[in-house]
Amino acid sequence: MTDIKKTGPADQPPIPSTPPTGPEAIRAVPVRHYGRYVSAVIAIGAFVAIVYAFSQGKINWGAVPDYFFDHRILKGVTQTLLLTALSMVIGIVGGVLLAVMRLSRNPVTSSIAWFYIWFFRGTPVLVQLFVWFNLGLVFEYIDLMPIYKDYWSSFMTPLLTALLGLGLNEAAYMAEICRAGLLSVDEGQTEASHALGMSHGKTLRRVVIPQAMRVIVPPTGNEVINMLKTTSLVAAVQFYELFKYAQDIGQGSGAPVEMYFLAAAWYLIMTSVLSIGQYYLERYYARGSSRNLPPTPFQKVRANLLSLGRPKGVMA
Amino acid sequence: MTAMVKAEGVHKSFGAAHILKGIDLEVAPQEVFCLIGPSGSGKSTFLRCINHLEQINAGRLYVDGELVGYRQKGDKLYELKDSEVALKRRDIGMVFQRFNLFPHMTAIENVMEAPVQVKRESKAVARARAERLLDRVGLGDKAKNYPSQLSGGQQQRVAIARALAMEPKLMLFDEPTSALDPELVGDVLDVMRGLAEDGMTMVVVTHEMGFAREVGDALVFMDNGVVVESGHPRDVLTNPQHDRTKSFLSKVL
């Protein structure tokens, strides 16, 4: 099997003598992973079968490239991205605020935060969107005495509905992520900061939050990707984004299902780009805490291809 | 002359655990006051009470003649607000067993942080002082290093510089060398010795009997939440009167 050669006589200790000459490298026959070839063939076969089935279905695939770069679709993509970004800003700011409130020693603020999170996590976001949309039934006017007064129904535009619905819901989820981050920071840090005469607020801003970031950032990237997909729900409150435009085109052009596939492809493109961004962000925040950085996607693909060709599976 | 620290019948409990059972002691200005005793004897807890990281349950604790954590009006005690407690902590430096440096800041940023954030000092002034202090603890060339790039002994010396940056009138040391490799202990003790020579008032919880004997002006042996024996370090360490002190010292010396 193997042909290890000892460098010294048998009576010497088993530790091989170190350079200058160096020990002879082991050359062994690697383990063969036949299962990998078999499973790869099965997986590819199944994939081809599915693609074939879809291509033979009663779907007019030609409609997808026709509308792929339609100006309405592109408008929808930008609206989706805009809504994702703004909702996440509301969600992150609100989430940090709620997490700090939740951990506060003040029972009033921590109870308010608890109640908020309980309510917004406990009800479906679609229902929340409809509630915001129809709040005119409860409040007829919006009246900010000196500066603004209008009917609620004309104040609550689809954009505002969408932002409030998605952003406030997200804040509840972000709050839990931020809370975990804040709790992950060693208590000694707070003590050291207090011992220097720093206030609670300063301690939080200067000492605790910067250290909590490495725990908060990775799941937040996940939330962004989730948010991007969740924005499709706001079509229900008449906000025009990718999904709503695709739906409209589908009804007008007589290819409704095709347009859903088109929208799905665009969502997939956008989430893929975000995933890559998140991957590198996580890699950045892993610095210093883990000795070996995880490989980049390209390194991974390369290593996998190499391991298929060379069954030993040596990582690049 | 008012005592820098004065404790009168200080009690502290955590739930059912009665940690401090009536501590009476006095620390004079410019004195190096050592607290020794087995773990769990309450010496660290007492130290943390001095800058109100822990709140005492009974008795009175004064720093520089002022009540810690409370304001007295007539017979009534009023709890101090967080901001008032923070104001008093400015004058009390504290050094922790586990250093507790801020890992996301460089050594010099650690030292500059409190003067800039708490005293609203300009960065230039704070930086100049921080450089001086880092030189003093022998780490002038490590100013731009992050704590993770420093050895334990170096981290602890940065932590001492950080505490000194607030120009405190009292320094508290909570087992400053217990987490260090034996060969790194000396550098930290040298810095503390230098501080003592400059007349800093220091309360030191320590297991370094050599340091206590050489540098200490007063020493207290605590066990099970009470002061068992106190006096000059040379007397207590070489000629202990109580059996409990004798058996403790026979194990650590």
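Every heavy atom of this structure was used, including side-chain atoms; hydrogens, water molecules and symmetry mates were not. Just so we're on the same page: letters track the sequence lines, and every chain starts at 1.
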Need one label for [X]: side chain, backbone, both or neither, based on atoms under 4.5 Å from any heavy atom in chain A.
{"X": "Leu101(B)", "value": "backbone"}
{"X": "Leu53(B)", "value": "side chain"}
{"X": "Arg48(B)", "value": "side chain"}

Nearest 0.5 Å, please: how far is [atom2] in [Y] from [atom1] in [X]?
{"X": "Asp82(B)", "Y": "Arg105(A)", "atom1": "CG", "atom2": "CZ", "value": "4.5 Å"}
{"X": "Met198(A)", "Y": "Met166(B)", "atom1": "CE", "atom2": "CE", "value": "9.5 Å"}
{"X": "Lys81(B)", "Y": "Ser199(A)", "atom1": "NZ", "atom2": "OG", "value": "13.5 Å"}

Taking atom [atom1] of [X] as the centre, report whether more than 12 heavy atoms of other residues, nucleotides or ligands fall under 6.0 Å from it.
{"X": "Phe115(A)", "atom1": "CZ", "answer": "no"}
{"X": "Arg129(B)", "atom1": "CZ", "answer": "yes"}
{"X": "Lys119(B)", "atom1": "NZ", "answer": "yes"}

Do Pro103(B) and Gln189(A) make a side-chain contact, defined as non-hydrogen atoms from C-beta onward lying under 4.5 Å apart? yes
Considering only heavy atoms from C-beta outward, does the side chain of Leu196(A) approach that of Glu113(B) to under 4.5 Å?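 No - every pair of side-chain heavy atoms lies 4.5 Å or more apart.
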Is it the backbone or the side chain of Arg205(A) that comes under 4.5 Å from a heavy atom of chain B, or both, or neither? neither
Please check this pair: side chain of His104(B) against backbone of Arg206(A), looking for a donor-acceptor N/O pair closer than 3.5 Å. yes
So, the side chain of Asn51(B) versus the backbone of Ala195(A): is there a donor-acceptor pair under 3.5 Å, distance only? no
Please give me the minimum heavy-atom distance between Asn100(B) and Asp186(A), naming the atom from each residue. OD1-OD2, 4.1 Å
Could you pull out the closest heavy-atom pair between Phe102(B) and Ala192(A), with the gap in Å?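 Scanning both residues, the minimum pair turns out to be CE2-CB, 4.3 Å.
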